[in-house]
Amino acid sequence: MDALTKWKIVRILLTTIYLMFGWILFSGTFTLTSITLGLVFSSTVAFFTYSLFIEKGEAARRSLLPRVYLVGVYFLLLVFKMYVASFEVLLSVLRGRINPRVVHFRTRLKSDIARVLLANSITMTPGTVTLNLDDDHLIVHWLNAKTTHSRYAGNIIKGDFEEILKRIWI
Amino acid sequence: MILAILIQFFLFLGIIFAVLGNLGVLIFPDVYTRLQASSTCTTTSVFSFFIAGMLYSGFSPITGKILVITVFFIVSSPVSAHIVARFAWNREIVPWRKLTPPIREKQ
């Protein structure tokens, strides 16, 4: 048995476990018939779709199983910053005092999924919207601009997101 | 008791964010700023409603379902806001800027 066959079996098993988790979550019962039905159907679906779910060359990276506790920390930080920033946007709506600017800056993240997550979480926090993402160059519309200097604006907007994402996915 | 107060607090937050975020759509001057007010404040309000629902249902399969919906919402909502903003940026719509008072020449 060569390495590719082993990797194929592992991929089918991982897809089955993922589908089984979804089945238990959405059915909400633990009877024998329900679990056997779920196993049969999730292994059938996994046998046909494992190559779409996990790609062939994805083994070496950390993209399959990232560091779980850091993902949790990132999620909590995202929710916290979302609430803080949306109160600021509410204040500026009530005052009617805004100072919008477009700022450009670069990111040091290397992998695609980390860059996409960074752009998504910049859009997620109110007050900033990502206009364009080209390689490592981000264009961001900022509602209450404090500065237009590239590096300082990047440090304020990216905040701690980039540090944590760099430790999760590089 | 405390749980009921927490649920009411989060529902109240959601209502405030929804109403004032949509008020910002009427107040703000151009596409980008209106997008900021509408999409992102509404995201926060829907998120508050989800948290209230999770607290209300307790530890049950419904909480897991709401958690899955929340994760999907976190991925999909910024993407839809980004599509509108990127379209406006590619059409070369000039962002609104606050007019600064003219600088006096030194005598």
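Per chain, numbering begins at 1; letters A, B, ... match sequence-line order. The structure displayed is predicted, hence computed values, not measured ones.
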Ring centers of Phe87(A), Phe17(B) separated by less than 6.0 Å: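 They qualify: ring centres under 6.0 Å apart.
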So for [X], is it side chain, backbone, both, or neither that comes closer than 4.5 Å to the heavy atoms of chain A?
{"X": "Leu20(B)", "value": "both"}
{"X": "Phe47(B)", "value": "both"}
{"X": "Ser60(B)", "value": "neither"}
{"X": "Thr33(B)", "value": "both"}
{"X": "Leu13(B)", "value": "side chain"}
{"X": "Val84(B)", "value": "neither"}
{"X": "Trp96(B)", "value": "both"}

Given heavy-atom pairs under 4.5 angstrom as the criterion, report whether the side chain, backbone, both or neither of [X] touches chain B.
{"X": "Val116(A)", "answer": "neither"}
{"X": "Val89(A)", "answer": "side chain"}
{"X": "Leu94(A)", "answer": "side chain"}

Under 3.5 Å: donor-acceptor pair, side chain of Thr128(A), backbone of Ile122(A):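 Indeed, once roles are kept as given, a pair shorter than 3.5 Å links the two residues.
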Donor-acceptor pair, side chain of Glu162(A) and main chain of Leu118(A), under 3.5 angstrom: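 Answer holds: no.
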Which of Leu143(A), Asn99(A), Leu117(A) touches chain B most, by non-hydrogen pairs under 4.5 Å: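 Counting heavy-atom pairs under 4.5 Å, the top option is Leu143(A).
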Interface residue of largest heavy-atom contact number with chain B, from Leu78(A), Ile24(A), Ile98(A), under 4.5 Å: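 Between Leu78(A), Ile24(A), Ile98(A), the count favours Ile98(A).
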Kindly check if the number of other-residue, nucleotide or ligand heavy atoms within 6.0 Å of [atom1] ([X]) is above 12?
{"X": "Ile62(B)", "atom1": "CD1", "value": "no"}
{"X": "Asp112(A)", "atom1": "CG", "value": "no"}
{"X": "Phe26(A)", "atom1": "CZ", "value": "yes"}

Atom of Thr43(B), atom of Ser77(B) and distance for their closest heavy-atom approach: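 Minimum heavy-atom separation between Thr43(B) and Ser77(B): OG1-OG, 3.1 Å.
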cation_pi(Lys146(A), Tyr152(A)) dist<6.0 Å, angle<=45: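 Relative to the ring axis of Tyr152(A), which defines the angle, Lys146(A) lies outside at least one limit.
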Contact leader toward chain A among Leu35(B), Leu67(B), Ile51(B), Ile74(B), where contacts are heavy-atom pairs under 4.5 Å: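 Greatest number of close heavy-atom pairs with chain A: Ile74(B).
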Chain A contacts, top residue of Ser45(B), Pro78(B), Pro95(B) (heavy-atom pairs, under 4.5 Å):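 Highest number of pairs under 4.5 Å: Pro78(B).
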Distance (rounded to the nearest 0.5 Å) between Asn120(A) CG and Arg115(A) CZ: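 Rounded to the nearest 0.5 Å, the CG-CZ separation comes to 15.0 Å.
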